[in-house]
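Numbers restart at 1 for each chain; the letters A, B, ... are given by sequence-line order, proteins then strands.
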There are 2 protein chains.
Amino acid sequence: MSKLSPVQQKFILHWGEMGTKWGINRTVAQIHALLFMSPKPLHADDIVETLGVARSNVSTSLKELQGWGIVRRVHVMGDQRDHFESMKDVWEMFRVVLDERKKREIDPTLAVLRECIVEAEKDKETDEYTEQRLRELAAFFETTTAWYGQIRTWPTSALTKFVKLGDKIRKVLGLGGG
Amino acid sequence: MSKLSPVQQKFILHWGEMGTKWGINRTVAQIHALLFMSPKPLHADDIVETLGVARSNVSTSLKELQGWGIVRRVHVMGDQRDHFESMKDVWEMFRVVLDERKKREIDPTLAVLRECIVEAEKDKETDEYTEQRLRELAAFFETTTAWYGQIRTWPTSALTKFVKLGDKIRKVLGLGGG
DNA sequence: CTTAAATTTCTGTCTAAACAGAAATTAACG
DNA sequence: CGTTAATTTCTGTTTAGACAGAAATTTAAG
């Protein structure tokens, strides 16, 4: 388990590149891609050999992927080493990532926005415009996170049906608007 | 225009930090936050003074923000310098960013996935499992981008009505599941 | 057209994160 | 329990991107 097909290499390289565009370390994303495509759990030395990175770097990266919740440690009969596998269900995986993003970035942003608004109300130094801006941004995040909070629990089947309705929903619900 | 209130400082610092989590340079995100909160367009030297960064770095950052489509150059009567302003409508701004993300990352990812799938079909070296994984991932992106393609044009009023319905939509549309 | 202002590009420096290897710690086995 | 295997943490090095200042280019004004 150290030979990658050209297809696998291509995907792993691309996925790593995309990771960096979303603030994720390239190697972390590459390890994820490798695990995602692996039919069986891999142990760290497999990953070392396959991707050609240091053992300690693999250890740290796996820790991060576990922190995101998309990779988990499993044990294999007759092998004392930790093995790792990626989540397989794509919809579920993206939901887990979204949840983590919400927890790490969006919720703290909302908290900061709310603090800023409270402070701006008391503080005459901050102009009215800034306060309005912050309120509008907070409203956006509140609205979108409330929405997400409701649909995140939908089963994939309901979600895909919903998504496939697309524009038709507008008419059905009489949402109107030009 | 070089004095920031504590509230503004707080938000700018936080927004910059959040930018890095999404693959955006901290200074770029901070400049955006500053422009977002400014009632009037700012010129580059304003930004230099206010944030304390080099003029050339401001120039490069503004170029990037313009590339994202969320900042534009404007001219002010009686001043030969370029001034810059951020988009103000939050919903619109996030739509612009999403569009750009789709163009820069998601569309290319779909292209790579499709190529990989074609190659995997021809290539006996790539196992069946990998091919199935790639198909499932491609299907996810195809479904979600098709959905986005339809709702991105909705006016904000329709969009917020839709979002505020949240879970109720499921019953109305008879989506079932769980 | 010339000059000054303004902006961008280039280049070398800096910085934070990524990385590899050594050391320390933990876990498994006999 | 002692030994070995496995993993994690630590530390110094490397790297890529961020950054500042100088040089080049472009634009505006007289």
Would you say B/Asp45's side chain and B/Val48's backbone share a donor-acceptor pair under 3.5 angstrom? no
Under a 3.5 Å cutoff, is there a donor and acceptor pairing between the side chains of B/Glu136 and B/Gln132? no
Please work out whether the ring planes of A/Phe141 and B/Phe94 are parallel, tilted or perpendicular, with thresholds of 30° and 60°. perpendicular
Students often get this wrong, so: under 4.0 angstrom with heavy atoms, is A/Asp82 touching a base, only sugar-phosphate, or nothing? sugar-phosphate
Assess whether side-chain hydrogen bond (donor to acceptor under 3.5 Å, both in side chains) is satisfied between A/Thr27 and A/Gln30, documenting all intermediate values. CA-CA 5 Å; A/Thr27 302; A/Gln30 287 180 348; 4.8 Å; no
Counting only non-hydrogen atoms, which of residues 52-72 of chain A are less than 4.0 Å from DNA chain C? A/Val53, A/Ala54, A/Ser56, A/Asn57
Find which nucleotide of DNA chain D each of B/Gly78 and B/Thr27 is nearest to by heavy atoms, and output the residue with the more 5' nucleotide. B/Thr27
For the atom pair CG (B/Leu51) and CG (B/Leu13), what is the distance rounded to the nearest 0.5 Å? 9.0 Å
Please report the distance, rounded to the nearest Å, between CD1 in B/Ile47 and C1' in D/dA20. 17 Å
Rounding to an integer number of Å, can you tell me how far A/Arg81 CZ sits from C/dA28 P? 14 Å
If an axis is fit to five pairs at each end of the helix from C/dC1-D/dG30 to C/dG30-D/dC1, what is the angle between the two, to the nearest 10°? 30°
Quick one: B/Asp45 CG to C/dA6 C1', roughly how many Å, whole number? 9 Å
A/Tyr129 vs B/Phe36, test: ring-ring contact (aromatic ring centres under 6.0 Å, His included). Steps then yes/no. CA-CA 10 Å; A/Tyr129 185 80; B/Phe36 180 72; 8.2 Å; no
Output yes when at least one side-chain N/O atom of B/Gln80 is less than 4.0 Å from OP1 or OP2 of C/dA6, else no. yes
Using whole Å, report how far CZ of B/Arg26 lies from P of D/dA20. 13 Å
Check the pair A/His75 / A/Asp82 against side-chain hydrogen bond (donor to acceptor under 3.5 Å, both in side chains), numbers first and verdict last. CA-CA 6 Å; A/His75 282 88; A/Asp82 293 344; 2.9 Å; yes
Which label fits B/Trp147 and B/Phe162: parallel for a plane angle under 30°, tilted from 30 to 60°, or perpendicular past 60°? tilted
Check: residues 54-71 of chain B side-chain donor-acceptor pairs under 3.5 Å, at least two apart:
{"from": "B/Thr60", "atom 1": "OG1", "to": "B/Ser56", "atom 2": "O", "distance (Å)": "3.0"}
{"from": "B/Ser61", "atom 1": "OG", "to": "B/Asn57", "atom 2": "O", "distance (Å)": "2.8"}
{"from": "B/Gln66", "atom 1": "NE2", "to": "B/Leu62", "atom 2": "O", "distance (Å)": "3.2"}

Could you check how far NE2 of A/His75 sits from P of D/dA5, rounded to whole Å? 17 Å
Starting at atom CD of A/Glu49, determine the distance to atom P of D/dA6, rounded to an integer number of angstrom. 13 Å
Nearest-Å distance for atom pair CG/P, residues A/Asp79 and D/dA6: 7 Å
